[in-house]
Amino acid sequence: MLNEYDVIVVGGGHAGCEAATAAANLGSKVLLITMDMARMAQMSCNPAMGGVAKGQIVREIDALGGYSGIISDYSAIQFRMLNRSKGPAMWSPRTQNDRALFTLKWREMLEKTPNLDFWQDVVLDLIIKENKVKGVRTKLGLSLYAKAVIITTGTFMNGTIHVGKNQIKGGRMGEKSSEGITEQLVSFGFRADRMKTGTPPRVDGRTLNYALMEEQKGDEHPQTFSYLKEHSLSEQHSCYITYTNSNVHEILKEGFELSPMFSGRIQGLGPRYCPSIEDKITRFKDRDRHQIFVEPEGWDTVEIYVNGFSTSLPLETQIKAIQQIKGFENCKIFRPGYAIEYDFFYPDQLYATLETKYIENLYFSGQINGTTGYEEAASQGLMAGINAHLKINQKDPLILKRDQAYIGVLIDDLVTKSTKEPYRMFTSRAEHRILLRQDNADIRLTELSHKIGLAPDKRLELVQQKQKAINEVIHTLTTTSITPEKINPLLDRLESSSIKQKTKLKKILSRPEVHLSALLSADKKTNTQIQSIEYLTEDVLESSEILIKYEGYLNNENALVEKIKRLENIRLKTDFNYNAIKGLSSEAKEKLSIIKPLTLGQASRISGVSPADISILLVVLGR
C-alpha cells in the first residue's frame, strides 16, 4: 500500500464499490477498505436489481460510467420491463440476478480498475485535524492517510441482528459489525439514530411445488441495463408467485409475543414500503392474503429467496407459518429471516456533493444516509466518488438537478428534507419524471460525465449516434405523409378515426392507440427508408415514438423547468447568516441554518421555508 492516498473508501458494498471505481477511473489513487474481500458488492437481501424508479437509477449509473448496469446484465437470469401498461415515465427495467455471479463480476471489475488498491480490515475511527479528515485508523493498528474519505458502512455500524429473542452483533448474518465511528462522529456534533431493515428466509427450491404457483416469465425480448449492451440474455429463469392465507397469518400472530418488533427490543424505524410480514398483517388487518414472490438465487443453485416474507419472528414460527403457503407445504429452510438494526446519520448534515458539513473532505454514501436498496446506495457512492475526486483537485462539483436525474432527486430529497425512516425511491418522488425516463438516461447524463473525464469516448460516441438516429426518424415521420387508402385499414382495426386526406405520419403516430411498428407495417416505403437510417436500433425507435407521442407534455415540462431554474441559478453561501435577516420566520432561520442550502431553489424545497421567506431572501440578495 501507499503511505497516502487521494481517496480512502470505507466499506465494500454497492456504494463503496461505485465510489472506489469512480474516483479511481477519474485518476485518484484510491484505497478500498472492506471487512471481507470475498463479499464485495454482496446482494445482502433480494437477488435483483432495478424495479420501479430503481431501474431508472441503474440506467443513470450506467450512463455516467458506473458499473452497476454492466454487472447486472452479466449476472442476470431474468429481465422484465415493469409498468408497460402505463405511460413511458413509469416503465422500469428490472433483472433477477445470480447472487454469486454478481459479486464475482464486481470483484473482477474492481481488480481491473487502475489506481485502485484493496485492504481487508476494520476501520475503528477517523484521523481528523482542525475539522478536516486526514485518514483512518484500523483494527490492525494501521494509520492510513488520504485527502478525502468516503464512509459507506451499510448496515454494519453497530449492527444488531434479531431472530425472535436472539440478538447477535453483526452487519449481516455471519459477519461482524463495526464499532467506533458513530461515537467519534457524534462527539463532533453529528446527529445519529437507528434504523431497521429485514430479510426473509432462504429455502430449498427442491422442496417447493411450483405447479401450485403462478409462473412469472421474463420478457420475450429482454433488454439490458447498460447502454453498452455487452451482455444480453439468451435464456431466462422463471420466477413464481404465490400468496399467504389466513392460516399463515394466525400462526404468525402466535409468535408476536416473542417478536423483537412488538416487544420493543427493536428501536429503529423500519422501511414503510417494504414492511415485514408481521408488520403487514398488523397494518392491513382487512387483507386475508399477501403476495409472495418466489425468486431463484442463481443459475446453479436450488436456494430460493422468499420475497414478501421478511420477518424477525422465532425460527419455529417461521417454519410453521411458511409451510402453510400454497406450494410450500414440504418446504425446508436454509436460513431464517431476520431483522437488523444499524446506525445512520441524518442526511441534512451533508451538502449536495455528499460531503459532510462538519468535517471537510469527509463523504457519506449509502445506508449511512438513511436510504434502502442497492440502487440508491450505488448511485450515492458514484456521486461521492466523483465529487471527492473533483474537490481534492480544486474542480467544480457535479451536482445533478431534479430535472436531470432520479439521482438528483434522491440526493436533493436527502440533504434538503432529510429522513427519519429508510428512504426508497419511487417515480412519484420525481416531479419531472416524464423527462427522467429509462430510455433517455444516456442522452441526459453521458455528456456531463464525459466532460469531467469519467464516461469514456465510446459512451459519448454511442449517445451521439443514438441522438442522430432519433433526429432522422422524427424528421422522416414529420415530413412524410400517408394516404387514406394506406392507413385507414389499420385505423379501422385499432378503432381509431379514419382520415379523409393525406396526413403526416407524425400526426397519426401521436394518437395513443397507434404504435410505430404498426404504422410502419402499413407504409412499406417509409419503413424501408427508416430501416436504412444509420445506427438504427430498437431503442432509437422506442425513444422516437415517445418523443412524438408526448411532445406536448414534454414541451410543457421543459418550460416549467426553465422557470424553476431561475431559483436554482441563484447561489447561496454556506456561511450565510440567516439569523441576521429580519422578516424571516423563526422556523425558516432554524432550517436554513441547519441545512445550509447551496441555491435558492434548494431553499424553497425545505419544509418550513415559505414562499414569503424566499421573497425576503430575493430582496436581501438584490434580486
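It should be emphasised that the depicted structure is a prediction, and the values quoted were computed from it without experimental measurement.
Applying the salt bridge (Lys or Arg N to Asp or Glu O under 4.0 Å) rule to Lys582 yields no partners; only residues at least two apart in sequence or on another chain are considered. Scored by the side-chain contact (heavy atoms from CB on, under 4.5 Å) test, Asn158 finds Glu179, Thr182, Glu183, Arg194, Asp343 as partners (sequence neighbours excluded). Legend: residues meeting side-chain hydrogen bond (donor to acceptor under 3.5 Å, both in side chains) with Lys134, ordered by chain and number and at least two apart, are absent. Applying the side-chain hydrogen bond (donor to acceptor under 3.5 Å, both in side chains) criterion to Glu360, with sequence neighbours excluded, gives Lys391. Not counting sequence neighbours, the partners of Ile399 by the side-chain contact (heavy atoms from CB on, under 4.5 Å) test are Ala352, Thr353, Pro397, Leu598. Listed by chain and residue number, nothing satisfies the salt bridge (Lys or Arg N to Asp or Glu O under 4.0 Å) test with Lys401 (two or more places apart in sequence, or in another chain). In this structure Asn131 satisfies the side-chain hydrogen bond (donor to acceptor under 3.5 Å, both in side chains) test with no other residue, sequence neighbours excluded. Here Phe576 pairs with Tyr578 under the ring pair (Phe, Tyr, Trp, His ring centres under 6.0 Å) rule; sequence neighbours left out. Residues passing the side-chain hydrogen bond (donor to acceptor under 3.5 Å, both in side chains) test with Asp413 are Arg402, Lys417, Tyr423, sequence neighbours excluded.
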Donor-acceptor list for residues 26-44 side chains, cut-off 3.5 Å, not counting sequence neighbours:
unit_1 : atom_1 : unit_2 : atom_2 : d
Ser28  : OG     : His389 : ND1    : 2.6
Asp36  : OD1    : Ala38  : N      : 2.9
Arg39  : NH1    : Glu175 : OE2    : 2.6
Ser44  : OG     : Arg172 : NH1    : 2.8

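Residue pairs that meet the ring-ring contact (aromatic ring centres under 6.0 Å, His included) test with at least one member in residues 6-64, sequence neighbours left out, are His14-Phe102, His14-Tyr374. Residue pairs meeting the side chain to side chain donor-acceptor pair (under 3.5 Å) criterion with at least one member in residues 142-154, sequence neighbours excluded: Asp6-Lys147.
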**Prompt:** For Glu355 and Leu362, what are the C-alpha separation, side-chain angles and deciding distance, and is it a side-chain contact (heavy atoms from CB on, under 4.5 Å)?
**Reply:** CA-CA 6 Å; Glu355 182 184 15; Leu362 176 65; 5.9 Å; no
**Derivation and outcome, side-chain contact (heavy atoms from CB on, under 4.5 Å), residues Leu398 and Asn387** = CA-CA 6 Å; Leu398 178 63; Asn387 282 310; 4.1 Å; yes
**Request:** Could you please spell out the steps behind the ring-ring contact (aromatic ring centres under 6.0 Å, His included) verdict for Phe364 and Phe344?
**Result:** CA-CA 10 Å; Phe364 291 168; Phe344 83 101; over 10 Å; no
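When only modelled atom types and interatomic distance are considered, Thr356 and Gln349 share no side-chain donor-acceptor pair under 3.5 Å. Checking Thr155 against Gln367 by side-chain atom types alone, no donor-acceptor pair falls below 3.5 Å.
Considering all non-hydrogen atoms of both residues, Ser68 and Met49 come closest at CB-CE, 4.2 Å. The minimum heavy-atom distance between Pro422 and Thr372, with the atom names listed, is CB-CG2, 3.0 Å.
Not less than 6.0 angstrom separates the ring centroid of Tyr342 from the ring centroid of Phe156.
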